[in-house]
Number of protein chains: 2
Amino acid sequence: MTMGSNAGGRRRPPTIHDVAREAGVSRGTVSRVLNGGHYVSPAAQEAVNDAIRRTGYVVNRHARSLITGRSDSVGFLLTEPQERFFEDPNFNVLLSGCTKALASHDIPLLLMLAGTKDERRRITRYITAGHVDGVLLVSSHSGDPVAEELREAGVPLVACGKPIGLGSKVGYVAADDRDGARDMVRHLLAVGRRRIGMITGPLDTPGGVERLAGYQEVLTEAGVEIDEALVVSGDYSRASGAAGAERLLAQAPDLDAVFVASDLMAQGVLTVLERAGKRVPDDIAVGGFDDSPVATEVSPALTTIRQPWDRISNEMVRVLLAQIGGEDPAAVILPTELVVRDSA
Amino acid sequence: MTMGSNAGGRRRPPTIHDVAREAGVSRGTVSRVLNGGHYVSPAAQEAVNDAIRRTGYVVNRHARSLITGRSDSVGFLLTEPQERFFEDPNFNVLLSGCTKALASHDIPLLLMLAGTKDERRRITRYITAGHVDGVLLVSSHSGDPVAEELREAGVPLVACGKPIGLGSKVGYVAADDRDGARDMVRHLLAVGRRRIGMITGPLDTPGGVERLAGYQEVLTEAGVEIDEALVVSGDYSRASGAAGAERLLAQAPDLDAVFVASDLMAQGVLTVLERAGKRVPDDIAVGGFDDSPVATEVSPALTTIRQPWDRISNEMVRVLLAQIGGEDPAAVILPTELVVRDSA
DNA sequence: TTCTCTACTGTGAACGCTCACAGAGCATGG
DNA sequence: CCATGCTCTGTGAGCGTTCACAGTAGAGAA
């Protein structure tokens, strides 16, 4: 234990050379041990590992990157209007999931927020210069200029949710929105509801469109007439959920259930219903989407569709690393799960 | 415009050598232009800048870091139980504020989440190996082993909120919790309340302690007797706010105001009060703390204490960069602001 | 003139690593 | 016996930058 507790001025850290000398082998052998250990004798292997432990050696990533051309880091890029995502608890789950999945590969995550035009320019420049090996993208909007530019530059890219307007050269991971919506509406039918309204997500995003499609499909299958007045659109935010509920109550007083495309909106809906004197689920059943933390914090607890955020983040990382490794971009659709609680 | 739109396989990017040749100067001169431009003639300056623009040159940070020993990147380290922070909208504001403040210095932020023991080990290793120049720390708990180890290794460190148990070698930036609490309680007194309860934050954190101290100070000054039954403790979460409100109502039915140490808890309080048939603010005034997004989403909108999160993140970055530059760790206390809305 | 000082420029030498290559040792097969 | 192949090891070069140093030119002072 000659290392450590050297408070203040840091001393020069051991290099691969020091390890080689300590282990009685050459730099090349140490390097081979560090990178998988192929073509290394067991004896050398052990000697090197011992030496690494004794010296407290940690690879200098800059030197490695300089020669390999890889940075061994990836960017997490958010080009959405940030308020929307930062308000959304799912975003944090996604971000932390990706961070941890990457950490297990010893790859740091660089957070990149593209708000202003200046930031967009800077970030594009940073990424295309090769300072990260690939990018995890959160941007459901169509025609995202940053994403488009990165795609053209050939940067490995994996989006969360199916991206609009980007070609086939980007991978993506998404929950099966349509199937989730189907499950929820089937459940509402199963508990005896017939006048089922819906508050959709933004309809310029695939997620928003798919959830609406699932809703319509099941009703059609069940022979329930689709009433235009029962569908209003929102943007996933609490406020838009409240607004949607008010419109819905006005347009269709005989509503007996509502499928809300996000839990956050559902929270707004519950507030409005309570104020309007409607009991949930007795008078009106409410189904959410996401299974975000708020689902269990509201009263009654939300029946909702769980998006497998942990799996989504893991898959995003897996697909991105594969893509960095030279594989073709993959599209992954993950199953959702109906979570029945008190609201429906 | 010979660059760009080279879809697929990236070509070798221009180096400082290419720029030098293009500008008709030496590598050294280009390097000097890149690093502040001292001791460079205006003519050379211009020639180099032109050449940079023509070639689309971007510095190779790995090569630079290899020789300077700096990484020109900083870590954002979260050692708290993550749920607590990820649930808190302020955390996102802090994170995005730091990211942007750093971006304006062209310094990437590496997100580091220390949950499991394995992650803690990995992160400590990563940081002490010098892969980041400094660390922005979110960890109000006392006796944080990761932070302690980093401090001992001499890593520049700036905490958000006054850290407990860390020596004077770490900088920190905090809001003036005590003063904020004083302002709120004075306001409650000013609107005629006398039986003022409090739901505190965690009392093993300076923030929690300070807010309680401010509450007690003002009541004492005002000659109001401090009643033990009027103070219950929470942990900043919605659920603990609700629980606190229930205890408070049981212990002190004549309560006419309550100062809640976070907006999130206040949200829980409002729910309980509504259910108990208490009108806010008529029967009971509610004061929050943070001015987080929920403050305006609940009804009635919360009167609260605004923490200057944008300034906090900017200051954290400023202090950290100064510390990396060799200055001594600084402690910065920023003023809070009373925001009067409907709940008190 | 000559000497000094300042402003500017170019030139190796690093930084710590990986990679290609050469070569050693050993077994196998003809 | 050499030829061939395999496993393993060491060596030199080079990744793209900064830094220390040497050196040039011109201005000003002695």
Side-chain angles (χ1 to χ4, degrees), chain A residues 10-49 51-52 55-73 106 125-126 128-131 133 325, chain B residues 10-49 51-52 55-73 106 125-126 128-131 133 325:
Chain A
R10 320 196 204 173
R11 85 175 57 163
R12 200 179 66 78
T15 74
I16 207 174
H17 205 117
D18 299 325
V19 175
R21 188 159 21 80
E22 182 82 14
V25 299
S26 72
R27 290 168 8 248
T29 301
V30 177
S31 178
R32 276 185 287 265
V33 170
L34 253 36
N35 298 284
H38 295 302
Y39 286 86
V40 184
S41 69
Q45 180 90 249
E46 199 179 341
V48 169
N49 282 327
I52 288 177
T55 54
Y57 170 79
V58 179
V59 68
N60 181 323
R61 301 171 80 104
H62 303 304
R64 173 183 284 174
S65 293
L66 179 56
I67 193 160
T68 60
R70 284 175 284 121
S71 70
D72 291 320
S73 67
D106 246 312
R125 201 180 161 76
Y126 189 92
T128 53
H131 293 327
D133 296 337
Chain B
R10 319 196 204 172
R11 87 176 54 162
R12 200 179 67 77
T15 74
I16 206 173
H17 206 118
D18 300 325
V19 175
R21 188 158 22 79
E22 182 82 14
V25 299
S26 72
R27 291 167 8 247
T29 300
V30 177
S31 179
R32 275 185 287 265
V33 170
L34 254 35
N35 298 284
H38 295 301
Y39 286 88
V40 183
S41 70
Q45 180 91 248
E46 199 180 340
V48 169
N49 282 328
I52 288 177
T55 54
Y57 171 78
V58 180
V59 70
N60 182 323
R61 300 171 81 104
H62 303 304
R64 173 183 284 174
S65 292
L66 178 56
I67 194 160
T68 60
R70 284 176 285 121
S71 70
D72 291 319
S73 68
D106 246 311
R125 202 179 162 74
Y126 189 92
T128 52
H131 294 326
D133 295 338

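Sequence lines set the chain letters: A, B, ... in the order given, protein chains first and strands last, and positions in each chain run from 1.
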### Query
What is the distance, rounded to the nearest whole Å, between atom NE2 of A/His62 and atom C1' of D/dG16?
14 Å
### Message
Please report the distance, rounded to the nearest Å, between CG in B/Leu34 and C1' in D/dG16.
### Response
12 Å
### Any side-chain heavy-atom pair of B/His17 and B/Arg27 under 4.5 Å
yes
### Task
Check the distance between C/dA20's P and A/Asn35's CG and give it to me in whole angstrom.
12 Å
### Task
Search all heavy atoms of A/Ile16 against all heavy atoms of A/Tyr57 and return the closest pair with its distance.
N-CE1, 3.5 Å
### Task
Using whole Å, report how far CG of A/Asp72 lies from C1' of C/dC17.
12 Å
### Rounded distance (Å) that lies between atom C1' of C/dT6 and atom NE2 of B/His38
16 Å
### Message
Less than 4.5 Å apart, side chain to side chain, heavy atoms only: is that true for B/Leu66 and A/Asn60?
### Response
yes
### Query
Of all the nucleotides listed (D/dG16, C/dA7, D/dG14), which has the minimum atom distance to the side chain of A/Ile67?
D/dG14
### Query
Taking the side chain of A/Arg64 as heavy atoms from C-beta outward, which of D/dC19, C/dC17, C/dC8 is closest to it?
C/dC17
### Query
Please give, in whole Å, the distance from D/dT24 P to B/Tyr39 OH?
19 Å
### Short side-chain N/O contact from A/Thr29 to OP1 or OP2 of D/dG10, under 4.0 Å
yes
### Sugar-phosphate, base or nothing in reach of B/Arg61, heavy atoms under 4.0 Å
nothing
### Message
In the structure I gave you, are the side-chain heavy atoms of A/Thr128 and B/Val58 within less than 4.5 Å of one another anywhere?
### Response
no
### Query
Is there a donor and acceptor pair closer than 3.5 Å between the side chain of B/Arg32 and the base of C/dG10?
yes
### Task
Return the minimal non-hydrogen interatomic distance between B/Gln45 and B/Val40, and the atom names on each side.
N-CG1, 3.7 Å
### Task
Tell me which nucleotide among D/dT18, C/dC17, C/dC19 gets nearest to the side chain of A/Ala63.
C/dC17
### Query
Rounded to whole angstrom units, what separation is found between the NE2 atom of A/His131 and the P atom of D/dG16?
13 Å
#### Entry: Candidates D/dG12, C/dG16, D/dC8 - which lies nearest the side chain of A/Thr15
C/dG16
### Message
I want to verify a distance call: between C/dC19, D/dA13, C/dA13, whose nearest atom is closest to the B/Arg27 side chain?
### Response
C/dA13
### Query
Between A/Ser26 and D/dT9, does any side-chain N or O lie under 4.0 Å from OP1 or OP2?
no
### Message
Let's see if you can work this out: which of C/dG10, D/dT18, C/dG16 has an atom nearest to the side-chain heavy atoms of A/Asn60?
### Response
C/dG16
### Rounded distance (Å) that lies between atom C1' of C/dG16 and atom CG of A/Asp18
10 Å
### Task
Choose from C/dG10, D/dC15, C/dC8 the nucleotide whose nearest atom is closest to any side-chain atom of B/Ser41.
C/dC8
### Task
Indicate yes or no: at least one non-hydrogen side-chain atom of A/Asp106 is less than 4.5 angstrom from one of A/Asp72.
no
### Message
As a test of reading the structure: which of D/dT17, D/dC15, C/dG10 is closest to the side chain of B/Tyr57, going by heavy atoms?
### Response
D/dT17
### Summary
Picking from D/dT9, C/dC15, C/dT9, the nucleotide nearest the side-chain atoms of B/Leu66 would be C/dC15
